[in-house]
Q: 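Have a look at this one.
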There are 2 protein chains.
Amino acid sequence: MLKYQQIAIDIEKYIEEHNLQQRDKLPVLENLMARFNVSKSTITKSLDLLEKKGVVYQVRGSGIFVRRHNREGYISLLSNQGFKKDLEEFNVTSEVVELKVCQPTEEAAYNLNIDQHQEVYYVKRIRYINGQTLCLEESYYNKSSVTYLNREIASESIFHYIQEGLGLKVGFSDIYLHVDKLNEEEAAYLGLKEGDPKLFMESIFHLTNGQPFDFSKVTYNYKHSQFFLQANSHIL
Amino acid sequence: MLKYQQIAIDIEKYIEEHNLQQRDKLPVLENLMARFNVSKSTITKSLDLLEKKGVVYQVRGSGIFVRRHNREGYISLLSNQGFKKDLEEFNVTSEVVELKVCQPTEEAAYNLNIDQHQEVYYVKRIRYINGQTLCLEESYYNKSSVTYLNREIASESIFHYIQEGLGLKVGFSDIYLHVDKLNEEEAAYLGLKEGDPKLFMESIFHLTNGQPFDFSKVTYNYKHSQFFLQANSHIL
DNA sequence: AAGTGGTCTAGACCACAAC
DNA sequence: TTGTGGTCTAGACCACTTG
């Protein structure tokens, strides 16, 4: 574990254990440098990480402050899959509708940046949150990265398996979303009515080396899904 | 302008001008250090910025590569307001339905972290994208930060005015979203039918010093709005 | 004026990838 | 083995906030 990562974890733990609230002030940089016995840059890197994560905000000339969002039951859009493990605070289970090795659709091949004759795992699942339908998910996993998969794994967390079981490193993702009306099939799977609203999300997940390994199409049950997102303007 | 910001802008410009595509390789660090005549840390900071922004990805032992998303017509969720100026590529105009100084609702006061007797600007707008209804927006601006506002400003970009006209610095935001059905009033404003789907988004914008200055409730027209988001797993 | 965070440097050393 | 990005340091100097 790198120093700056460990320090970030320690600081976050400190915030939770002391139940610090939005706008509470953390010790000053010099203090943190001494406490963790590292250079200024290292502390700064830890704090930048926590800032990116939405845990603190830093104000020049003033201090370092705690940032919290104050709503329960919202799923982090960024922690949705692979990243963070926020879903742990919810009870998410999956029912595997279909699992097979096949050739990808043209759309899936394009998004995975492979030829259509290269094989993929196709997985169709219904996911439940606290016992209610959360979403209907269709995923294509590039078989040259995700070399093995079965129903048992797919009924648990596929991303956990990919990282821990296969040792792959998830890097970044592109997420596209829009709202529409459910068709008959989707409505049936989610226990809703045709024409009801849906949030439709397509995601392309890449390994740290830039290779796409998962293209997923997810239809969310509008009654049991709400999301949050924390943004920074440090992005120029 | 700081060095690392300027370098980030230059690199991004370089990518655009040379029309580099996903997976194209950029010059190596040492090369960039020499070209911009700065230290390694400064280049690294520029690249981290671009990585956060979704413009490049870096692979240890291999190189720095271009990252692009390949879909047109999607609005960046993070650049939505205040951040980036991505909406410039769309033609967004606004019709001001109502603008007044008043006391905030309990909900607005809570989200702005003020007392209910402190005054706010309340603005209700319909926003159009390429001539079609994009969303219905209700916003509360803390009057002690946003000291002045009028219909003319509100018919243009309020965030542009806040930053350039008032000199305020936008720091970070909390965004909450879910999907639901339009009520009669919303449907009328958006030119849709009651019961049609909507994306409903609440945002709380903070200044760099952590003070919330804008609480907004936005209802999107599902036919004319689609969003994208780029995520990194560097977040622990 | 004093306190506090941000930028930038030069250089040592480490970790992963590709040949 | 070499190339390439990542971490970490010590210290100088800068920019913003607060009293």
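For clarity, every value in this text was computed on a predicted model and none was experimentally measured. Throughout, a chain's letter reflects where its sequence line sits, starting with A, and its residues are numbered from 1.
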Q: If you find the nucleotide of DNA chain C closest to A/Ser41 and the one closest to A/Val59, which residue's nucleotide is nearer the 5' end?
A: A/Val59
Q: May I ask you to evaluate whether B/Ser62 reaches the phosphate of C/dA17, defined as a side-chain N or O under 4.0 Å from OP1 or OP2?
A: no
Q: Separation of A/Leu49 atom CG from D/dG6 atom P, in whole Å?
A: 14 Å
Q: Quickly, which of B/Lys3, B/Arg35, B/Met33 forms a side chain to side chain contact (heavy atoms under 4.5 Å, CB included) with B/Ile43? Name it, please.
A: B/Met33
Q: May I ask you to check if B/Arg71 and A/Tyr176 form a cation-pi contact, with NZ or CZ under 6.0 angstrom from the six-membered ring centre and within 45° of the axis?
A: yes
Q: Take the protein atom CG of A/Leu29 and the nucleotide atom P of D/dC16, then report the distance between them rounded to whole Å.
A: 17 Å
Q: Find the distance B/Leu2:CG to C/dC8:C1' and express it as a whole number of Å.
A: 10 Å
Q: Figure out the CG/P separation between A/Leu32 and C/dG6, and round it to whole Å.
A: 12 Å
Q: Can you identify which nucleotide, out of C/dA15, C/dA17, D/dT18, has its nearest atom closest to the B/Arg60 side chain?
A: C/dA15
Q: Rounded to whole angstroms, how far apart are CD on A/Glu30 and C1' on D/dA10?
A: 14 Å
Q: Do A/Leu77 and A/Met201 make a side-chain contact, defined as non-hydrogen atoms from C-beta onward lying under 4.5 Å apart?
A: yes
Q: Quick one about A/Gln21 and A/Asn19 (side-chain donor to acceptor, distance below 3.5 Å, no hydrogens or angles considered), yes or no?
A: yes
Q: Measure the distance from NZ on A/Lys40 to P on D/dC13 and round it to the nearest whole Å.
A: 13 Å
Q: Given D/dG6, C/dG5, C/dC8, identify the nucleotide with an atom nearest to the side chain of A/Ile64.
A: C/dG5
Q: Measure from CG on B/Asp48 to C1' on D/dG6 and round the result to the nearest Å.
A: 9 Å
Q: When the nearest nucleotide of DNA chain D is assigned to B/Lys169 and to A/Tyr4 on a heavy-atom basis, which residue is associated with the more 5' position?
A: A/Tyr4
Q: Tell me the interatomic distance from A/Leu47, atom CG, to C/dT4, atom P, rounded to whole angstroms.
A: 14 Å
